[in-house]
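Below you'll find the structure, written out as structure tokens, and then a few comments.
The sequence lines fix the lettering, A, B, ..., with proteins before strands; numbering per chain opens at 1. Reckoned from all heavy atoms, side chains included, excluding hydrogens, waters and symmetry mates.
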2 protein chains.
Amino acid sequence: MHAAIETLDAGGVDALTFRSLASQLSTGSGAIYHHVANKEDLLTAAADAVMTSVLDGAAAAAGADASQGVRAVVLGVFDAISAHPWVGTQLAAAPWQPAVLRLFDRVGAELDALGVPERAQFDAASVLVHHVLGVASQYDAGAHLASAQPGGRFDRSAFLDGATSALTGEVDAADLPFLTRVVRQLQNHDDREQFRAGVEIILVGISHL
Amino acid sequence: MHAAIETLDAGGVDALTFRSLASQLSTGSGAIYHHVANKEDLLTAAADAVMTSVLDGAAAAAGADASQGVRAVVLGVFDAISAHPWVGTQLAAAPWQPAVLRLFDRVGAELDALGVPERAQFDAASVLVHHVLGVASQYDAGAHLASAQPGGRFDRSAFLDGATSALTGEVDAADLPFLTRVVRQLQNHDDREQFRAGVEIILVGISHL
DNA sequence: ACCTGAACACCGTTCAAGT
DNA sequence: ACCTGAACACCGTTCAAGT
């Protein structure tokens with residue numbers, strides 16, 4: 001499992017094959033099936049291991065301030081995904097996998113400590129978790145944009161630079177009037193700041209429940 | 001493209017191979033590469049086609065009421081994902097693909113019509129889009145749970161039924177105190193209602209910007 | 001009991017050869 | 001110019017054979 005996470009960190013999901021993992025562990029590829037049921041299981045377990053360690057770390061960072069607890073948890077997960085982009089992909093790939101459940105549970109506990117009414121806790125936790133997952137799913141944009149791009153993708157740097165063609169491939173900037181207009185205020189855009197702003201919007205909404 | 005969407009609707013992503021698509025079109029597998037660059041491109045284009053048609057449909061449904069515009073768009077996308085689960089997977093799989101950009105742009109336009117201050121529109125649209133994507137990424141749970149499950153997944157029906165083991169595989173219900181406690185109020189839980197509740201929470205937060 | 005690694009049944013993708 | 005479909009380079013997964 002440790003070895004799998006190393007490979008994933010180094011080369012992403014494509015780099016992790018049963019053959020590569022077997023040779024790294026100096027064993028046969030079939031031997032891995034004695035420890036996991038299949039590849040999906042392997043990725044699920046790897047993501048769960050990362051999430052468990054992140055949530056433990058977030059506990060320490062939050063300290064005694066209940067109002068900062070949710071923020072610490074959720075930003076901790078964001079930072080983990082920045083460091084291990086494959087985790088973001090994996091969280092969004094398999095529904096209700098252990099890593100997501102742990103996150104959900106922890107967010108719910110923090111909301112409880114924050115004094116959110118009991119009947120509203122599930123909905124509230126749900127929005128925060130979905131926000132994290134939504135951001136996570138889009139997060140490896142950087143990694144993808146850094147390499148050569150197939151058609152149909154958004155080139156954010158080109159967009160932000162105000163290049164004539166904001167989009168590569170089949171989508172025309174003229175079809176996206178809002179993004180074209182709003183992009184000017186985003187010259188020094190920071191993914192983490194935007195994630196945080198989203199969390200604050202949601203927390204305001206939750207505080208009115 | 002039409003043929004690809006049919007195959008995806010019928011059998012999901014696994015059913016769509018270059019060979020199956022080629023035989024359905026009575027051509028050679030290599031011929032498809034004259035129309036798309038690769039498989040990712042094919043899925044991106046298929047999801048974009050669905051999203052474009054959904055957003056056009058949502059325009060009609062919204063009518064003249066500006067305050068219902070965002071809701072109509074976002075619920076329309078949710079319903080489309082219910083009908084075509086592979087779209088949810090695809091939206092969360094490739095970052096900033098055309099389908100996501102169209103959704104983002106449209107949500108932004110609706111927020112503008114709703115009177116959200118200009119400097120707040122990007123953050124606001126971003127939260128709503130991420131919420132949709134987060135929900136989308138978890139949505140094909142039903143499809144997966146219907147079939148035989150490998151370890152490590154959340155069995156929601158078992159959870160909701162209060163079965164002794166809420167989780168299959170390596171995660172223990174005792175590690176999830178919040179979910180274990182809150183699950184009782186979810187006996188007649190409705191995914192669409194919960195999605196809607198999340199949207200309302202976010203809209204309240206946005207209205208305070 | 002557990003590991004080995006060749007073999008199987010697939011993929012996506014390419015490309016010489018056809019039309 | 002466009003299509004064909006066999007061939008290539010991989011996968012995940014299985015399983016008889018070893019230890």
Side-chain angles (χ1 to χ4, degrees), chain A residues 1-49 86 89-90 92-95 97 140 143-144 147-153 168-170, chain B residues 1-49 86 89-90 92-95 97 140 143-144 147-153 168-170:
Chain A
M1 189 50 50
H2 199 246
I5 292 174
E6 271 179 33
T7 304
L8 287 163
D9 284 343
V13 182
D14 288 346
L16 185 71
T17 68
F18 279 77
R19 284 170 179 77
S20 72
L21 187 56
S23 85
Q24 193 184 340
L25 295 171
S26 308
T27 181
S29 57
I32 300 168
Y33 287 87
H34 288 269
H35 301 96
V36 295
N38 49 39
K39 185 160 190 185
E40 197 177 328
D41 202 39
L42 178 62
L43 289 168
T44 296
D48 192 32
W86 62 271
T89 308
Q90 174 56 27
Q97 59 187 306
D140 54 357
H144 279 124
S147 60
Q149 267 299 17
R153 286 284 187 61
T168 58
E170 57 261 52
Chain B
M1 189 51 49
H2 199 246
I5 292 174
E6 270 179 35
T7 304
L8 287 163
D9 284 343
V13 183
D14 288 345
L16 184 71
T17 68
F18 279 78
R19 284 169 180 80
S20 72
L21 187 56
S23 85
Q24 194 185 340
L25 296 171
S26 308
T27 181
S29 57
I32 300 168
Y33 286 88
H34 288 270
H35 301 96
V36 295
N38 49 40
K39 185 161 190 185
E40 196 178 329
D41 202 38
L42 179 62
L43 290 169
T44 297
D48 193 31
W86 61 271
T89 310
Q90 174 56 27
Q97 59 186 305
D140 55 356
H144 278 125
S147 60
Q149 268 297 19
R153 286 286 188 59
T168 58
E170 58 261 52

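Counting only heavy atoms from C-beta outward, the side chains of B:Val36 and B:Thr44 never approach each other to under 4.5 Å. Looking at B:Asp14 and B:Trp86, their side chains never come closer than 4.5 Å, going by heavy atoms from C-beta outward.
One distance of note links CD of A:Glu6 with CG of A:Leu16; it measures 11.5 Å at 0.5 Å rounding. In this structure, the separation between OG1 on A:Thr7 and NE2 on A:His2 is 11.0 Å, given to the nearest 0.5 Å. Expressed to the nearest 0.5 Å, how far CZ of B:Phe18 lies from CG of B:Asn38 amounts to 6.5 Å.
To the nearest angstrom, C1' of D:dC3 lies 15 Å from CG of B:Leu21. One can place NE2 of B:His34 at 13 Å from P of D:dG5, the figure rounded to the nearest angstrom.
Pairing each heavy atom of B:Ala49 with each of B:Ile5, the nearest pair is CB-CD1, 3.9 Å. When all heavy atoms are compared, the tightest approach of A:Ile32 to A:Ala22 is CD1-N, 3.8 Å. In this structure, A:Leu42 and A:Ala4 approach most closely via the heavy-atom pair CD1-CB, 4.2 Å.
Residues of residues 2-17 of chain A that place a heavy atom closer than 4.0 Å to DNA chain D, in numerical order, are A:Leu16, A:Thr17.
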Show each protein N/O and nucleotides 13-19 of chain C N/O combination with a separation under 3.5 Å, one pair to a line.
| from | atom 1 | to | atom 2 | distance (Å) |
| --- | --- | --- | --- | --- |
| C:dT13 | OP2 | B:Tyr33 | OH | 3.0 |
| C:dT13 | OP2 | B:Lys39 | N | 2.9 |
| C:dT13 | O5' | B:Tyr33 | OH | 3.1 |

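Remark: side-chain polar atoms of B:Ser20 are paired, donor with acceptor, to backbone N or O of B:Ala15 under 3.5 angstrom. The backbone N or O of B:Gln90 sits less than 3.5 Å from a side-chain atom of B:Gln97, completing a donor-acceptor pair.
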Could you spell out the base pairing of DNA chain C in dot-bracket, with Watson-Crick or G-U pairs whose two distances are under 3.5 Å, [ ] crossing and | to another strand? ||.|||||...|||||.||
